[in-house]
J.: 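Below is a structure I'd like to ask you about.
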Amino acid sequence: MIGQLLILILVLLVIPFVIGGLVTDADREGESLLFRWTGGQFLLWAGFQLICVPLILRERGFRSLVAAFWGYIVALLLLAAAVEIRRWPGERKFPLSCFRSWLRKIQFTDLLLWAAFWSVLLFQLVQAVRLAYADGDDAYYVAVSSITQDADTMYSKLAYTGGGTELDIRHGLAPFPIWISFLGRSSGMPAAIVAHVVLPVVLIAMTYGIFYQIGLKIFEKKDGRLPLFLLFTELLVLFGNYSIYTPENFMIARSRQGKAALGNIVIPFLLLLFLIFLKSLQEKRRIPPLLYLLFCAAATTGCLCSTLGALLVCMAVGIVGLLGSICYRKPGILAPLAVCCMPCVFYALMYLIL
């Protein structure tokens with residue numbers, strides 16, 4: 001069990017962090033450890049979607065996907081290592097900027113707020129694992145992950161009975177459960193345990209990491225407001241279970257599902273990218289090409305999580321791009337943003353046709 005957990009830590013934390021070094025230049029303050037981790041994970045998710053869907057449509061075995069995706073990971077790791085070696089002799093230092101605020105003068109009230117934030121976060125992580133339960137969607141999604149890991153097939157067996165069936169193209173275009181199967185196959189841990197025990201801790205932590213970065217952009221040097229912002233976010237999550245369809249319920253109780261990742265990770269990450277994007281326009285700075293790469297990765301990840309993600313991501317990027325072009329008189333930003341939405345358009349067309 002310890003070896004399996006170490007492998008999952010490597011795949012979910014260490015590898016995304018290393019690969020995230022490829023996109024740190026997307027933001028002027030992008031040397032944050034959290035920005036590296038989330039950016040690297042989105043590159044991995046986007047690559048998984050681009051590799052997995054064609055293999056599903058060709059009805060290839062799950063083993064082929066595992067081999068292809070590990071090849072993709074190794075290629076990104078080698079590229080990231082080359083970039084770091086080239087970057088190392090320069091002025092750029094090891095990314096410790098996310099801890100700079102802790103090195104400044106911190107007031108006693110701020111320490112209390114941070115202590116409250118970490119206490120509530122720990123409580124949520126423990127409860128998400130301790131009170132894990134199987135809801136109606138688990139009868140399909142977690143079953144798909146388990147069948148894929150055990151039977152070496154992808155969406156060609158009935159999740160409810162295990163019997164053979166036609167290829168389930170509708171769900172196959174958003175194969176987030178297959179990613180869970182990949183984690184299970186790579187670590188040797190059953191997919192059901194990965195989904196109910198490991199992923200809630202990682203994905204909930206990633207959600208708050210993204211909100212932390214959003215808070216840094218909103219409040220900047222007003223450090224005292226950042227822990228208060230995060231604490232109120234936690235309170236909204238704690239008391240947001242007034243319906244089984246709220247984002248808060250999805251985040252705590254159903255974080256293993258693609259719809260939860262879309263609402264609590266992909267869309268907030270898009271908001272973070274929008275803040276970086278609009279701030280660059282406001283300061284009349286050149287938009288880094290890597291920022292467009294992250295937009296494209298976020299759009300592709302939205303399709304990985306849910307077929308609805310294609311529509312939501314396109315709407316969000318289109319609205320922000322249109323308003324940004326009008327407010328800052330930059331019509332030239334519309335073309336690259338439209339290119340970033342092409343994965344969503346492509347998968348939406350595939351959904352309508354197939």
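When reading the values below, keep in mind they use all heavy atoms of this one structure, side chains included, and skip hydrogens, waters and symmetry mates. Along the sequence shown, the residues carry numbers beginning at 1.
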J.: Is the side chain of N264 donor-acceptor paired with the backbone N or O of A260 at a distance under 3.5 Å, no angle test?
T.: yes
J.: Find out whether C344 and L311 are in side-chain contact, i.e. whether some heavy atom of one side chain is under 4.5 Å from a heavy atom of the other.
T.: no
J.: For the ring pair F42 and W45, is the centre-to-centre distance below 6.0 Å?
T.: yes
J.: With a cut-off of 6.0 Å (strictly less than), are more than 12 heavy atoms of other residues, nucleotides or ligands near OH of Y140?
T.: yes
J.: G39 and F269: which non-hydrogen atoms are nearest, and at how many Å?
T.: CA-CZ, 4.4 Å
J.: Applying the 4.5 Å side-chain criterion to the ILVMFWY set and letting contacts propagate, would L323 and Y292 be lumped into a single cluster?
T.: no
J.: Under the 3.5 angstrom rule, does the side chain of Q4 hit a backbone N or O of G188 as a donor-acceptor pair?
T.: yes
J.: Do side-chain atoms of W37 reach the backbone of V18 as a donor and acceptor pair under 3.5 angstrom?
T.: no
J.: Taking the side chain as C-beta and beyond, is there a heavy-atom pair between P175 and V53 under 4.5 Å?
T.: yes
J.: Provide the closest heavy-atom pair for P200 versus H196 in the form atom of the first, atom of the second, distance.
T.: CG-O, 3.5 Å
J.: Could you give me the CA-CA distance, side-chain angles and deciding distance for T153 and S156, then say whether side chain to side chain contact (heavy atoms under 4.5 Å, CB included) is met?
T.: CA-CA 6 Å; T153 61; S156 60; 3.2 Å; yes
J.: When you group the ILVMFWY residues by side-chain heavy-atom contacts below 4.5 Å and let the links chain together, are L79 and L50 in the same group?
T.: yes
J.: If you count the non-hydrogen atoms of other residues, nucleotides and ligands that lie under 6.0 Å from CE in M315, is the total more than 12?
T.: no
J.: Output every pair passing side chain to side chain donor-acceptor pair (under 3.5 Å) with a member in residues 51-74, not counting sequence neighbours, ordered by first then second residue.
T.: W70-S186
J.: How about L6 and L10: do any of their side-chain heavy atoms sit closer than 4.5 Å?
T.: no
J.: I want to check something: taking the side chain as every heavy atom from C-beta on, are S146 and P190 in contact at a cut-off of under 4.5 Å?
T.: no
J.: Tell me whether the rings of H171 and Y141 are parallel (<30°), tilted (30 to 60°) or perpendicular (>60°).
T.: perpendicular
J.: Atom CG of L294 and atom CZ of F277: how far apart are they, to the nearest 0.5 Å?
T.: 13.0 Å
J.: Quick check: do F48 and T301 have side-chain heavy atoms less than 4.5 Å from each other?
T.: no
J.: One thing to verify: whether D27 and K217 come together as a salt bridge, which I'm taking to mean a side-chain N less than 4.0 angstrom from a carboxylate O.
T.: yes
J.: Identify the heavy atoms of I333 and G321 that sit nearest to each other, and give their distance.
T.: CD1-O, 3.7 Å
J.: For the backbone of N249 and the side chain of N241, can you confirm whether one donor and one acceptor N or O come within less than 3.5 Å of each other?
T.: no
J.: Do other residues, nucleotides or ligands put more than 12 heavy atoms under 6.0 Å from Y328 OH?
T.: yes
J.: Measuring from Q282:CD to L278:CG, what's the distance to the nearest 0.5 Å?
T.: 8.5 Å
J.: Can the ring centres of F35 and Y212 be said to be less than 6.0 Å apart?
T.: no
J.: Less than 4.5 Å apart, side chain to side chain, heavy atoms only: is that true for F17 and V14?
T.: no
J.: Same cluster or not: are I9 and I7 linked, directly or through other Ile, Leu, Val, Met, Phe, Trp or Tyr residues, by side-chain heavy atoms under 4.5 angstrom apart?
T.: yes
J.: Report the distance from atom CD1 of I56 to atom CE of M154, rounding to the nearest 0.5 Å.
T.: 5.0 Å
J.: Set out, in order, the CA-CA distance, both residues' side-chain angles and the distance that settles side chain to side chain contact (heavy atoms under 4.5 Å, CB included) for V198 and V129, then state yes or no.
T.: CA-CA 8 Å; V198 178; V129 175; over 6 Å; no
J.: Any chain of hydrophobic side-chain contacts (each under 4.5 Å) joining Y245 to Y242?
T.: no
J.: How many angstroms lie between atom OG of S255 and atom CG of L203, to the nearest 0.5 angstrom?
T.: 5.5 Å
J.: As a test of understanding, state which of I178, L55, V74, I51 forms a side-chain contact (heavy atoms from CB on, under 4.5 Å) with F69.
T.: I51
J.: CD1/I287 to CZ/F295 distance, rounded to the nearest 0.5 angstrom?
T.: 8.5 Å
J.: Give a yes/no verdict on a cation-pi contact between R225 and F219, requiring under 6.0 Å between NZ or CZ and the six-membered ring centre and an angle within 45° of the axis.
T.: no
J.: Any idea which heavy atoms bring T148 and S181 closest together, and the distance?
T.: CB-OG, 3.4 Å
J.: May I ask you to establish whether R185 and F182 are in a cation-pi arrangement, using a distance under 6.0 Å from NZ or CZ to the six-membered ring centre and at most 45° from the ring axis?
T.: no
J.: Which heavy-atom pair separates T307 from A174 by the least distance, and what is that distance?
T.: N-CB, 3.9 Å
J.: Can you list the steps and then say if F123 with E234 is a side chain to side chain contact (heavy atoms under 4.5 Å, CB included)?
T.: CA-CA 10 Å; F123 172 76; E234 288 180 326; over 6 Å; no
J.: Got L44 and L76 here, is their nearest side-chain heavy-atom distance under 4.5 Å?
T.: yes
J.: Would V197 end up clustered with L5 when hydrophobic side chains under 4.5 Å apart are linked, directly or stepwise?
T.: yes
J.: According to salt bridge (Lys or Arg N to Asp or Glu O under 4.0 Å), who are the partners of K157, at least two apart in sequence or on a separate chain?
T.: none
J.: Flag the pair W179 / F176 as yes when their ring centroid distance falls below 6.0 Å, and as no otherwise.
T.: yes
J.: When you look at M189 and L8, which way does the side chain to side chain contact (heavy atoms under 4.5 Å, CB included) test go after all the steps?
T.: CA-CA 9 Å; M189 184 179 293; L8 287 175; 3.9 Å; yes
J.: Working to the nearest 0.5 angstrom, can you tell me the gap between L270 CG and L312 CG?
T.: 10.0 Å
J.: Quick check: closest heavy atoms across Q124 and Y208, and the distance to 0.1 Å?
T.: OE1-OH, 2.6 Å
